[in-house]
Amino acid sequence: MAATVRVLGRGELGRFTGGDRSEVGRFERELADLVGTRHALAVNSGTSALVAALVGAGIGPGDEVLVPAYTWVSTAAAALAVGAVPVLVEVDGSLTMDPIDLKDRITPRSRAVLPVHMINHVADMDAIMEVAAAHDLLVVEDACQAIGVTYRGRRAGSIGHAGCFSFNQHKNIRSGEGGALVTNDPRLFERASMYHDVGSYERAGFAGSDADLIVGVNLRMPELSAAVLRPQLAGLDAQLARRRKHRGIVLESLASRVGRDLRPVPHHDPARAAGLALEFGTPDAAVEFGANRGVHRLIDTGRHVYTNWRSLQARNPLHPALDPYAAVDAEIDHGPDACPRTLEILARTCAVDLAPELPTPAFRLLARRLAG
């Protein structure tokens, strides 16, 4: 609240009106420091961050972008926004992209892969990066649901060629809407910066004098959003520590059932796990457990499941001349049978809200209720 009052008092609400005092500029520097990348670009949503990253990477018509079948619809929609086509990949028991299936879905048209770190479960990035390197694929991490989370000593979003975050109402830090991309690639950053601001070619620090200029749009983050985010960013590690603590409390409460009728979904960095999902033996058991407060069965999470991506399934281009599927000229399966293993896993799995905003004693009460 104090941060927003400070911005309102100055009356400088736009991204470029505050000069050196810009809240967005400060947030970008602080985010890059936290994640460990050379560059950070704040935008108005996680979707915008994904689109800008793909533009920055030079992805476009005729290209295929590999995306997991369990993710928010924006991951696949971002590929279509730049004229490329999303190709679905199964998730494995970790709820993240299966590197084995990824390898099987690569074609000569594949240009990029978007692994997604769902509900603070980080994808198997070592394996994915190995596959990507072998096939010369660009990697854009969709870390929208996992800002701050680490993977074997590295922050999510810093491992691939670029990483993207979201700050909407349901993320680790939030400003209602908002997003950012991070990268160590100066060329990708320059192109993404030009794309995120139609007037960037007149602004210092965004497009070098020798840049190949591109026409952008306006995806800028406003000052108020950055002001709301900066204090949360400073407290992010403490919040993630509470999530890890609450995860341990839930598993302790359910200890008598673990291995009998449920098991924790595995993490690729279990010592730093900041999310919790539970896999059951049958969909009916997951339905029963999903009725608890703070729990939801993953197959019931709407547009996070590829079978509910109706706008993609319709395949109606913005204009006939802008049809991404015509540019690829190949059969791309987005139908209900494209990723059956993903559907089977999601039907038996529930995510548990670790509620870092709750004091630990109050969370212990909730955890005991989960144990029945």
Side-chain angles (χ1 to χ4, degrees), residues 15-16 24 28 31-32 35 37-67 71-87 109-116 132 136-144 157-167 177-203 205-208 210-221 311-312 317-319 321-328:
R15 166 69 173 90
F16 296 106
V24 176
E28 288 171 338
L31 177 61
V35 177
T37 56
R38 291 174 57 189
H39 306 287
L41 179 69
V43 292
N44 58 8
S45 72
T47 304
S48 295
L50 290 166
V51 174
L54 291 175
V55 170
I59 305 301
D63 297 335
E64 292 178 353
V65 177
L66 297 125
V67 304
T71 178
W72 181 245
V73 62
S74 291
T75 310
L80 290 167
V82 300
V85 170
V87 173
R109 298 172 297 277
S110 301
R111 283 286 314 284
V113 54
L114 269 62
V116 183
D136 196 26
L137 300 178
L138 290 155
V139 178
V140 176
E141 293 176 73
D142 182 338
C144 289
S158 70
I159 304 164
H161 298 90
C164 297
F165 305 111
S166 170
F167 310 123
E177 294 291 350
L181 71 86
V182 293
T183 184
N184 288 312
D185 184 332
R187 178 60 174 157
L188 189 152
F189 175 72
E190 184 176 70
R191 283 177 55 87
S193 297
M194 287 189 284
Y195 184 73
H196 106 292
D197 173 28
V198 71
S200 63
Y201 56 87
E202 293 289 342
R203 307 190 199 280
F206 282 90
D210 60 344
D212 294 325
L213 298 178
I214 62 173
V215 177
V217 292
N218 280 334
L219 307 175
R220 299 186 300 262
M221 175 181 283
S311 59
L312 270 76
L318 300 177
H319 185 279
L322 299 174
D323 185 358
Y325 295 94
V328 168

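Note that this is a predicted model, so its numbers are computed, not measured.
Using modelled atom types, no side-chain atom of His196 and backbone atom of Arg220 make a donor-acceptor pair closer than 3.5 Å. Checked by atom type and distance alone, the side chain of Asn184 never pairs as donor or acceptor with a backbone atom of Thr37 at under 3.5 Å. Here the side chain of Glu141 pairs a donor or acceptor atom with the backbone of Gly157 at under 3.5 angstrom.
What you find for Leu50 and Ser74 is that their closest heavy atoms are CD1-O, 4.0 Å. Between Val82 and Pro61, the shortest heavy-atom distance links the atoms O-CD, 3.6 Å. A pairwise comparison of heavy atoms in Gly60 and Asp63 identifies N-OD2, 2.8 Å as the closest pair. Between Cys144 and Gly46, the closest heavy-atom pair is SG-CA, 4.0 Å. In terms of heavy-atom proximity, Ala40 sits nearest to Leu31 at CB-CD2, 4.2 Å.
Looking only at side-chain heavy atoms (C-beta outward), Leu80 and Pro86 come within less than 4.5 Å of each other. For the pair Val116 and Trp72, the minimum side-chain heavy-atom distance is 4.5 Å or more. Side-chain contact between Met221 and Phe167: present, with at least one pair of heavy atoms (C-beta onward) separated by less than 4.5 Å. Between Ile214 and Val55 the shortest side-chain heavy-atom distance falls below 4.5 Å.
A distance of 9.0 Å separates CG in Leu54 from CG in Leu138, rounded to the nearest 0.5 Å. Atom CZ in Arg191 sits 11.5 Å away from atom OG in Ser200 (nearest 0.5 Å). Distance CG/Asp185 to NE2/His161: 7.5 Å, rounded to 0.5 Å. Rounding to the nearest 0.5 Å gives a distance of 10.5 Å between CG of Asp197 and CD of Glu202. To the nearest 0.5 Å, the span separating CD on Glu28 from CG on Leu181 amounts to 9.0 Å. To the nearest 0.5 Å, the span separating CG on Asp136 from OG on Ser110 amounts to 11.0 Å.
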Checklist entry - Hey, mind stepping through Glu177 and Thr47 against side-chain contact (heavy atoms from CB on, under 4.5 Å) and telling me if it holds? => result CA-CA 10 Å; Glu177 294 291 350; Thr47 304; over 6 Å; no
Item to check | Derivation of the side-chain contact (heavy atoms from CB on, under 4.5 Å) call for Leu137 and Leu66 | outcome: CA-CA 10 Å; Leu137 300 178; Leu66 297 125; 4.0 Å; yes
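Shown are Ser166, Ser48, Cys164; of these, the side-chain contact (heavy atoms from CB on, under 4.5 Å) with Val43 is made only by Ser48.
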